S.K.: 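Submitted below is the structure of interest, expressed as structure tokens.
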Amino acid sequence: MTVGVLALQGAFVEHEAMLRSIGVDVRQIRLPRDLTGVDRLIIPGGESTTIGKLMVMYDLLVPLRERIAAGMPTWGTCAGAILMSRRILDGRPDQPALQVMDIESRRNAFGSQLDSFEADIDMIGLDAPFHTVFIRAPILQNPGPACHVLASLADGRIVAAREQHMLATSFHPELTSDDRIHRYFLTL
Ligand code: GLN
């Protein structure tokens, strides 16, 4: 199995390192041809406007959308989750995005006071809480009927969701030493 990590901008090196540590073959994706032979994809955190623009610049937006629609398991973390959501709130009106998952994202939803924080998340599919970090994180909201909430904060705000073969987390599991969500993704 080869997992592609979109390597245009953001925290892709950390995803690669975590995948390698659990024995997975990893490939950086920068051009459409890099997708050949890739079975799964991670879209990392970073800056969603920049990643979206680079996807257009490198002709990746359409091929990625097609591969995901055809069933390639795909996981977006933070900016990656924003790019996967059907609608981006508080984004730039011209922000290019994949829009493959039936859920909305609200960018930078925790405001400047809470730019970055850590929390213990109870996530469906995991045996025990997951301690993780949120960095200028989005929240997810209004999931469609096929989209299942996997984790919320104590106040009910959604931070992880799954729709068939697609996973979105508004936090950064790759910045921890806990590989359970990476392993979970490999089961999708
Ligand atoms: N705030 C960023 C954005 O809107 C996401 C931050 C992150 O990926 N850590 O794209």
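As the structure is a computational prediction, the values presented were derived from the model and not from experiment. Every heavy atom of this structure was used, including side-chain atoms; hydrogens, water molecules and symmetry mates were not.
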S.K.: State which residue, out of D179, V24, D39, I181, fulfils the side-chain contact (heavy atoms from CB on, under 4.5 Å) condition with L186.
M.R.: V24
S.K.: If Ile, Leu, Val, Met, Phe, Trp and Tyr residues are connected whenever their side-chain heavy atoms lie under 4.5 Å apart, and connections chain through other members, are L19 and L188 in the same group?
M.R.: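 L19 and L188: one cluster.
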S.K.: Looking at CZ of R92 and OG1 of T49, how far apart are the two atoms once the value is rounded to the nearest 0.5 Å?
M.R.: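 Answer rounded to 0.5 Å: 6.5 Å.
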S.K.: If we check ring pair (Phe, Tyr, Trp, His ring centres under 6.0 Å) with F171, which of these qualifies: F110, F134, F117?
M.R.: F134
S.K.: Determine, using the 4.5 Å side-chain heavy-atom cutoff (strictly less than), whether F12 and L41 are members of one ILVMFWY cluster.
M.R.: no
S.K.: Given the rule in the side chain to side chain contact (heavy atoms under 4.5 Å, CB included) test, do I135 and D115 qualify, once you have shown the distances and angles that lead to the verdict?
M.R.: CA-CA 6 Å; I135 303 166; D115 249 6; over 6 Å; no
S.K.: Before giving the answer on side chain to side chain contact (heavy atoms under 4.5 Å, CB included), spell out for E16 and V26 the whole-Å C-alpha distance, their side-chain angles and the decisive distance to 0.1 Å.
M.R.: CA-CA 6 Å; E16 275 187 80; V26 191; 3.7 Å; yes
S.K.: Taking the side chain from T77 and the backbone from G45, do they hold a donor-acceptor pair closer than 3.5 Å?
M.R.: yes
S.K.: Can you find a pair of side-chain heavy atoms, one from D122 and one from F130, that are under 4.5 Å apart?
M.R.: no
S.K.: Counting C-beta onward and ignoring hydrogens, is there a side-chain heavy-atom pair between H15 and P44 closer than 4.5 Å?
M.R.: yes
S.K.: Would you check if the side chain of T74 reaches a backbone N or O of M72 as a donor-acceptor pair within less than 3.5 Å?
M.R.: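 Such a contact is found between T74 side chain and M72 backbone.
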S.K.: For residues C78 and S170, determine if any side-chain heavy atom of one lies less than 4.5 Å from a side-chain heavy atom of the other.
M.R.: no
S.K.: Do the side chains of D90 and R107 get close enough for a salt bridge, i.e. N-O under 4.0 angstrom?
M.R.: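 Here D90 does not pair with R107 in a salt bridge, since their nearest N and O are not under 4.0 Å apart.
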S.K.: Between L175 and I51, is there a shared hydrophobic cluster once you connect ILVMFWY residues whose side-chain heavy atoms come closer than 4.5 Å?
M.R.: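 No, separate clusters.
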S.K.: Is there side-chain contact between L153 and V159, with at least one heavy-atom pair below 4.5 Å?
M.R.: yes
S.K.: Has Q9 got a side-chain atom pairing as donor or acceptor with E47's backbone, closer than 3.5 angstrom?
M.R.: yes
S.K.: Flag the pair V13 / E174 as yes when at least one side-chain heavy-atom distance between them is below 4.5 Å, and no otherwise.
M.R.: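 In short, these two side chains do not touch, never coming nearer than 4.5 Å.
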S.K.: Roughly how far, to the nearest 0.5 Å, is CD1 of I158 from SG of C147?
M.R.: 8.0 Å
S.K.: So that I can tick it off, tell me whether R180 and D127 are bridged by a salt bridge, with the cut-off set at under 4.0 angstrom between side-chain N and carboxylate O.
M.R.: yes
S.K.: Are M57 and L54 close enough that some pair of their side-chain heavy atoms sits under 4.5 Å apart?
M.R.: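 M57 reaches L54 side chain to side chain.
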S.K.: How far apart are the C-alpha atoms of L31 and D59, what are their side-chain angles, what is the distance that settles it, and do they pass the side chain to side chain contact (heavy atoms under 4.5 Å, CB included) test?
M.R.: CA-CA 7 Å; L31 294 169; D59 290 326; over 6 Å; no
S.K.: Using a 4.5 Å cut-off on heavy atoms from C-beta on, say whether the side chain of S105 contacts that of L89.
M.R.: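 No, their side chains stay 4.5 Å or more apart.
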S.K.: Counting N and O atoms only, with roles assigned by atom type, does the side chain of R27 sit under 3.5 Å from a partner on the main chain of V3, one being a donor and the other an acceptor?
M.R.: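 Checking the backbone N and O of V3 against the side chain of R27, no donor-acceptor pair under 3.5 Å is found.
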S.K.: Distance from T187 atom OG1 to H182 atom NE2, nearest 0.5 Å?
M.R.: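 Atom-to-atom, T187:OG1 and H182:NE2 are 13.0 Å apart.
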S.K.: Specify the closest pair of heavy atoms between H165 and I68, including all atoms of both residues, with the distance to one decimal.
M.R.: NE2-O, 2.7 Å
S.K.: Any chance you could lay out the side chain to side chain donor-acceptor pair (under 3.5 Å) test for E118 and T132, step after step, and finish with the verdict?
M.R.: CA-CA 6 Å; E118 296 183 20; T132 190; over 6 Å; no
S.K.: When you measure from the side chain of R87 to the backbone N and O of D102, does any donor-acceptor pair fall under 3.5 Å?
M.R.: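 Between the backbone of D102 and the side chain of R87 there is no qualifying donor-acceptor contact (under 3.5 Å).
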S.K.: Answer yes or no: is there a donor N or O on one side and an acceptor on the other, between the side chain of D120 and the main chain of P129, under 3.5 Å?
M.R.: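 Between the backbone of P129 and the side chain of D120 there is no qualifying donor-acceptor contact (under 3.5 Å).
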S.K.: State whether the side chain of H131 and the backbone N or O of I121 hold a donor-acceptor pair below 3.5 Å, judged by distance alone.
M.R.: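 Absent.
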S.K.: With clusters defined by side-chain heavy atoms of hydrophobic residues (ILVMFWY) lying less than 4.5 Å apart, directly or transitively, does Y184 cluster with I124?
M.R.: yes
S.K.: L140 and A168: which non-hydrogen atoms are nearest, and at how many Å?
M.R.: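 That closest heavy-atom pairing would be CD1-O, 4.0 Å.
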S.K.: Once rounded to the nearest 0.5 Å, what's the spacing between atom CE of M166 and atom CG of L98?
M.R.: 10.5 Å
S.K.: Do the side chains of L6 and M55 get nearer than 4.5 Å, heavy atoms only?
M.R.: yes
S.K.: What's the separation between atom CD in E104 and atom CD1 in I139, rounded to the nearest 0.5 Å?
M.R.: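 CD1 of I139 is found 10.0 Å from CD of E104.
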S.K.: Could you grab the distance from atom CG of L83 to atom CD1 of I43, nearest 0.5 Å is fine?
M.R.: 6.5 Å
S.K.: Of all the heavy-atom pairs spanning H148 and P145, show the shortest one and how long it is.
M.R.: CE1-O, 4.3 Å
S.K.: For V38, is there any backbone N or O sitting under 3.5 Å from a side-chain donor or acceptor partner on R67?
M.R.: yes
S.K.: Run the numbers on I29 and L35 for side chain to side chain contact (heavy atoms under 4.5 Å, CB included), then give the verdict.
M.R.: CA-CA 7 Å; I29 307 295; L35 285 167; 4.1 Å; yes
S.K.: Does this structure show an ion pair linking R30 with D34, if we count only N-O contacts that are shorter than 4.0 Å?
M.R.: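 The answer is no: the pair does not qualify as a salt bridge.
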S.K.: Check this for me: does any side-chain nitrogen of one of E163 and R86 sit under 4.0 Å from a carboxylate oxygen of the other?
M.R.: no
S.K.: Would a hydrophobic clustering, with Ile, Leu, Val, Met, Phe, Trp and Tyr connected at side-chain separations under 4.5 Å, put V100 with L150?
M.R.: no
S.K.: Parallel under 30°, tilted from 30 to 60°, perpendicular over 60°: which one fits the rings of F185 and W75?
M.R.: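 Answer is tilted, since the angle falls between 30° and 60°.
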